[in-house]
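What follows is one structure encoded as structure tokens, with my remarks underneath.
Quantities reported herein were computed from a predicted structural model and do not represent experimental measurements. Only heavy atoms go into these numbers, but all of them, side chains included; no hydrogens, no water, no symmetry mates. Throughout, protein chains are lettered first and strands after them, A, B, ... in sequence-line order, and every chain is numbered starting at 1.
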Amino acid sequence: MTELDSKKPQEPQPSQSGNGEQAERNWSETLFLPKTDFPMKAGLPQREPEILARWEKIGLYDRLRREAEGRDKFVLHDGPPYANGNLHIGHALNKTLKDVISRSQGMMGKDAPYVPGWDCHGLPIEWKVEEGFRAKGKNKDEIPINSFRRVCREFAEKWVKIQSKEFQRLGIVGDWDNPYTTMAFEAEAIIARELMKFAMNGTLYRGSKPVMWSVVEKTALAEAEVEYQEVVSDTIFVKFPLVQAEGELSGAAVVIWTTTPWTIPGNRAIAYSPDIRYGLYEVTAAPEDNWAKPGDKLILADVLAENLENAARIEGWTRMSDVDPASLGAVQHPLHELGYDFDVPLLPGEHVTAETGTGFVHTAPGHGMEDFVLWEDSKAELQARGIDPAIPFTVDADGFYTEEAYGFTGKRVIDDKGEKGDANNAVIEALVEAGNLVARGRLRHDYPHSWRSKKPVIFRNTPQWFIAMDKALGGDGDTLRNRALKAIGGTSFVPAAGENRLRGMIESKPDWVVSRQRAWGVPITIFRHAETGEVIPGAGFAKSEMLEHRIVAAFEQEGADAWFAEGAKQRFLEGVVDNPDDWEKVDDILDVWFDSGCTHAFVLEHRPDLKWPADVYLEGSDQHRGWFQSSLLEACGTRGRAPYEAVVTHGFFVDEQGRKMSKSAGNAVAPENVIKQSGAEILRLWAMSSDYWEDLRIGPEILKANVDSYRKLRNAMRFMLGNLAHYREELRVEPSQMPELERYMLHRLAELDTFVRENYNAYDFKRIFHALFNFCVGDLSAFYFDIRKDALYCEPHDSIVRRSALTVLDILFEALTAWLAPMLCFTMEEAWLNRFPGEDNSVHLRQFPNIPDTWRDEALAGKWKQLRSLRRAVTGALEIERKERRIGASLDAAPKVYIADDAMRASLEGLDPAEIFITSGAEIIEGEGPEGAFRLSEVPGVAVEVIEAVGKKCARSWKISPDVGADPEFPDLSPRDAEAVRQFDARRAAAAE
RNA sequence: GGGCCUGUAGCUCAGCCCGGUUAGAGCGCACGCCUGAUAAGCGUGAGGUCGGUAGUUCGAGUCUACCCAGGCCCA
């Protein structure tokens with residue numbers, strides 16, 4: 001039959017239930033007590049791997065895809081982590097959030113595939129591989145490039161495997177068997193193809209840019225490869241004479257200050273600030289042999305005048321007048337005579353401050369980023385003024401001055417050992433000779449050094465490949481910048497502030513530099529004519545497509561190594577150009593941001609299980625500068641729109657004091673430790689309870705709090721499971737037949753349904769988590785379950801209240817396991833399978849339940865809100881009695897509740913107040929109540945007098961009532977319990993037959 | 001130094017856009033109860049100068065400015 005042949009029979013052994021032995025009968029075996037083997041203690045670190053193994057066995061990801069076939073796709077495109085090193089907490093959060101999104105979208109009716117990926121090219125891997133070679137006594141330069149690249153590939157492969165395992169351990173469900181990588185041949189082919197699109201639309205060009213360069217290692221360095229050390233530098237004050245000046249200004253000179261005299265040959269401009277006051281100073285007194293002589297007229301910032309006065313040993317001078325730098329136009333280079341025969345313009349610069357120097361900043365666009373940016377920004381103006389905007393290459397890779405450093409060729413800035421060369425002195429001497437040195441000195445300050453060799457680096461101008469931001473891109477005449485800005489407008493950002501951030505960056509972005517002088521990456525697959533500088537493939541070249549196809553086809557077969565293989569130039573150019581020898585094969589590689597900026601092309605567009613554009617990209621807020629931006633630019637340049645509809649960002653990880661995490665500070669939380677100690681579920685729970693849009697705090701105390709929360713939640717599930725052991729389909733009750741309390745719970749569920757769906761769609765998980773957690777703890781454990789324990793345990797088998805409660809528990813269980821499954825993927829699976837075991841069953845194959853809107857009943861909810869405050873007044877009163885030791889359990893009492901308000905009293909109509917208060921009885925009385933009664937200020941008009949319940953205590957339900965013994969057959973029981981036992985006995989007898 | 005953002009109980013979060021009763025919730029903590037959710041469950045309570053200072057206003061956690069602390073990105 002029904003209950004008695006359930007999977008775990010809970011009926012007692014054939015018993016001693018003869019009538020004569022009533023007094024000794026064990027009543028608890030006649031109760032419907034919770035029965036479950038769902039353990040209170042989760043043992044997550046052990047259990048999680050079992051659940052993972054099961055998902056693997058049933059092929060969860062593939063089954064999800066199969067079952068979702070034909071539904072609308074929802075594509076969250078994975079931003080590739082770098083395949084280098086073990087996971088840190090940031091990876092864990094990032095992937096967990098993605099997992100929750102794809103799981104929740106899947107359960108809300110979408111087909112939400114998740115294809116993880118990895119970023120495999122680039123510098124950090126090269127370093128590690130180089131280190132490996134160095135340990136074997138080999139130098140990178142001795143190794144053939146493709147051998148080196150092979151080792152890099154193997155290194156990346158190794159870490160992809162490790163990280164994949166680590167991600168899966170977190171419970172992330174995805175296509176782990178078929179992930180994407182930026183180094184797959186197909187990916188390399190498409191990345192090259194995408195780059196060639198820019199070559200062909202005319203925005204790719206060769207320019208130059210200062211990079212940090214280590215002469216010792218003969219290589220460019222990234223910011224991360226540089227550390228700052230204190231050094232003593234030569235400082236000089238230099239005069240730049242005015243070109244055409246009249247009156248007072250005649251013979252005057254603008255004075256600059258610099259700590260790098262060797263950059264003077266590279267000087268092309270002087271920056272000033274429109275916010276600083278400048279003056280003209282005429283020297284009136286100075287020592288005999290001084291550089292600054294009486295009669296010299298110097299222009300500089302007023303607030304820094306004293307600074308120069310001291311440095312230049314000036315004994316007296318007069319401020320003649322104000323000077324507006326904007327009116328000066330241009331000045332002469334201080335080494336004009338040596339061949340620096342050009343106008344040096346004065347340009348307003350926002351970076352100019354009045355803190356050090358003279359308020360005029362020596363600007364050598366090949367030797368500093370600010371200088372470069374200012375120069376580039378002024379390009380149009382320079383050209384209008386007839387000034388050549390080209391940036392000179394004054395220093396070569398070995399630190400020697402080139403021929404463009406007129407008069408200094410062959411002098412050296414830094415030697416192979418990293419020591420200062422003769423360049424500084426040569427420049428200083430030349431300046432003295434030219435009469436343009438005003439003062440010199442020394443300064444102790446921080447200067448960038450190579451992280452590896454610990455030797456100083458220099459900024460030197462190097463040729464690079466750029467993608468123009470402001471050049472028309474084809475027919476519509478729109479520029480990359482404009483397209484990107486429009487695309488930002490069409491994208492939704494979560495949180496909204498992301499839009500400003502990305503927009504600001506795109507607005508001010510200089511041309512996009514895509515080249516790197518490294519080995520491990522996708523090459524910039526173009527050829528440059530040695531004489532004309534023409535680039536192929538290119539817009540004006542007839543056989544561009546043929547060349548492109550050749551390269552792409554080769555890469556698809558052999559990977560990008562084909563570019564570096566012997567005879568590559570011949571191979572690709574044969575029949576494409578008349579004489580391949582006229583062309584140089586570009587051997588720069590692409591910056592990895594270009595690689596990852598192409599994932600939309602080789603993943604979204606390419607895979608049939610995905611779609612373009614993605615619904616959402618989700619990464620840390622640092623990716624506004626990184627992946628969000630490179631993907632946007634790449635897609636706008638080639639496809640005219642963003643590759644995503646929405647951008648979601650998360651914050652960074654700080655310790656419990658809100659400080660940055662670092663290995664050196666010792667405050668870093670390693671995900672593997674958390675997993676080992678508490679389980680991945682706790683990490684997920686932490687992520688879900690936190691506001692991930694901002695910085696996330698994590699640490700031992702916070703994790704402990706999450707473990708506690710987990711236990712509460714788990715126990716609520718356990719209670720449901722225990723009681724649902726008694727649930728049978730035929731006991732089900734229609735909501736219309738249910739008591740009010742049940743209907744109130746259904747109303748809460750309907751409210752939550754809307755809330756949960758809305759917030760999953762808004763990616764606002766913390767709201768969902770807190771709402772569901774509060775519901776489980778506040779509405780269920782402390783209220784509904786507590787009240788209904790009596791009915792669930794004691795009521796007769798066919799009692800409508802018991803059956804209604806069971807029905808509601810069933811509905812609650814269905815809803816909660818589904819709503820929480822995306823977040824607590826392990827525990828909900830465990831709970832679901834505990835109730836519905838089955839070979840290939842899984843909570844994750846379900847959908848969120850359909851909750852009928854008819855369950856909503858605002859009037860009922862308002863009424864129960866009132867009843868709950870009434871209940872609070874009663875529990876408050878009981879607490880006083882308890883303190884006075886007059887009662888223990890609430891069942892010891894039968895309070896008198898005085899209610900003045902008619903509406904409040906009316907709301908109790910048809911209800912048993914004792915049931916709500918969990919007391920043995922309750923009397924509702926109209927009126928204000930006596931003086932000494934208990935009152936709560938927040939529940940006005942209610943007074944409670946606690947009276948001890950009268951009667952006998954029912955041996956089965958423990959309720960005290962005068963009715964106990966009314967049924968002569970069961971002298972120790974109340975009539976309700978007597979009936980329950982009678983049904984129990986009858987059912988057992990029937991089962992025995 | 002610049003851009004974007006954050007700062008509400010020990011902890012995690014509501015409230016802030018659209019100023020207005022004694023600023024809420026849960027966890028944790030303290031105390032008590034229960035012993036048929038038991039290494040659980042229930043109740044009661046303590047705990048906040050809403051980062052600081054000025055200002056706007058009859059009135060500011062909510063609006064403005066500045067400052068302090070912190071984060072990301074850039075210099």
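For B:G7, neither phosphate oxygen OP1 nor OP2 lies less than 4.0 angstrom from any side-chain nitrogen or oxygen of A:R697. OP1 or OP2 of B:C33 has at least one side-chain nitrogen or oxygen of A:R885 nearer than 4.0 Å. Dashed line: the shortest gap from a side-chain N or O of A:K704 to OP1 or OP2 of B:C27 is not under 4.0 Å. For the OP1/OP2 pair of B:A37 and a distance below 4.0 Å, the side-chain nitrogens and oxygens of A:Y793 include at least one atom meeting the criterion. Contact between the side-chain N/O atoms of A:K660 and the OP1/OP2 oxygens of B:C72 is found at a separation under 4.0 Å. Between A:R659 and B:G70 there is a side-chain polar atom (N or O) within less than 4.0 angstrom of OP1 or OP2. Contact annotation: A:S690 side-chain N/O to B:C13 OP1/OP2 distance is under 4.0 Å. A sub-4.0 Å separation between OP1 or OP2 of B:G3 and a side-chain N or O of A:S508 is absent. OP1 or OP2 of B:C27 has at least one side-chain nitrogen or oxygen of A:K712 nearer than 4.0 Å.
Between A:N774 and A:G888, it is A:N774 whose nearest contact on RNA chain B lies nearer the 5' terminus.
Residue A:W958 and nucleotide B:G36 are classified as a stacked aromatic pair, their ring centres being separated by less than 5.5 Å at an interplanar angle below 30°.
A gap of 12 Å separates the C1' atoms of B:A9 and B:A25, to the nearest Å. Taking the C1' atom of each, B:A23 and B:A65 are spaced 25 Å apart, rounded to whole Å. Straight-line distance between the C1' atoms of B:A39 and B:U44: roughly 24 Å, to the nearest whole Å. Nucleotides B:G48 and B:C29 are separated by 16 Å at their C1' atoms, to the nearest Å. As rounded to the nearest Å, B:C58 and B:U53 have P atoms that lie 22 Å from one another. Look at the P atom in both B:G55 and B:G61: the space between them is 15 Å, to the nearest Å. The P atoms of B:A46 and B:G51 are separated by 23 Å, rounded to the nearest whole Å. A gap of 14 Å separates the C1' atoms of B:C68 and B:A54, to the nearest Å.
Although no hydrogens or angles enter the test, the distance criterion places no donor-acceptor pair under 3.5 Å between the side chain of A:R886 and the main chain of A:E881. Judged purely by atom type and a 3.5 angstrom limit, A:R714 uses its side chain to pair as donor or acceptor with the backbone of A:P39. With A:R481 contributing its side chain and A:K509 its backbone, the two residues share a donor-acceptor pair below 3.5 Å. A:N667 contributes a side-chain N or O that, together with a main-chain N or O of A:S662, makes up a donor-acceptor pair within less than 3.5 Å. A donor-acceptor contact shorter than 3.5 Å links the side chain of A:W686 to the backbone of A:R697.
Considering only the side chain of A:S781, B:G41 comes nearest among B:G41, B:G36, B:C73. For A:P34, the side-chain atoms get nearest to B:A37 when compared with the rest of B:A37, B:G32, B:C27. Nearest nucleotide to the side chain of A:M40, out of B:G71, B:A39, B:U6: B:A39. Nearest to the side chain of A:S621, among B:C72, B:A75, B:C13, sits B:C72. The side chain of A:I702 lies closest to B:U12, out of B:U12, B:G41, B:G32. Closest to the side chain of A:E879, from the set B:G71, B:U44, B:G36, is B:U44. Taking every side-chain heavy atom of A:R625 into account, B:C74 is the closest of B:C74, B:C72, B:C42.
Counting non-hydrogen atoms under 4.0 angstrom, A:N715 reaches a base of the nucleic acid. Using a 4.0 Å heavy-atom distance criterion, A:S689 is classed as a sugar-phosphate-only contact. Within the 4.0 angstrom heavy-atom criterion, base atoms lie near A:H770. Looking at heavy-atom distances under 4.0 Å, A:G722 makes no contact with the nucleic acid at all. Across all strands, A:R788 comes closer than 4.0 Å to no nucleic acid atom at all (heavy-atom distances).
Distance CG (A:D708) to P (B:G10): 18 Å, rounded to an integer number of Å. Atom pair A:I506:CD1 and B:C4:P shows a separation of 15 Å (rounding to whole Å applied). Atom CZ in A:R501 sits about 9 Å away from atom C1' in B:C74, given to the nearest Å. Atom CG in A:L780 sits roughly 18 Å away from atom P in B:A25 (whole-Å rounding).
Among residues two or more places apart in sequence or in another chain, the ring-ring contact (aromatic ring centres under 6.0 Å, His included) test is passed with A:F493 by none.
Within 3.5 Å, no donor on the side chain of A:T36 pairs with an acceptor on the base of B:A37, nor the reverse.
Taking the six-membered ring for Trp and thresholds of 30 and 60 degrees, A:Y793 and A:F719 have ring planes inclined between 30 and 60 degrees apart.
Using a cutoff of 4.0 Å between basic side-chain nitrogens and carboxylate oxygens, A:D786 and A:K789 are scored as salt-bridged.
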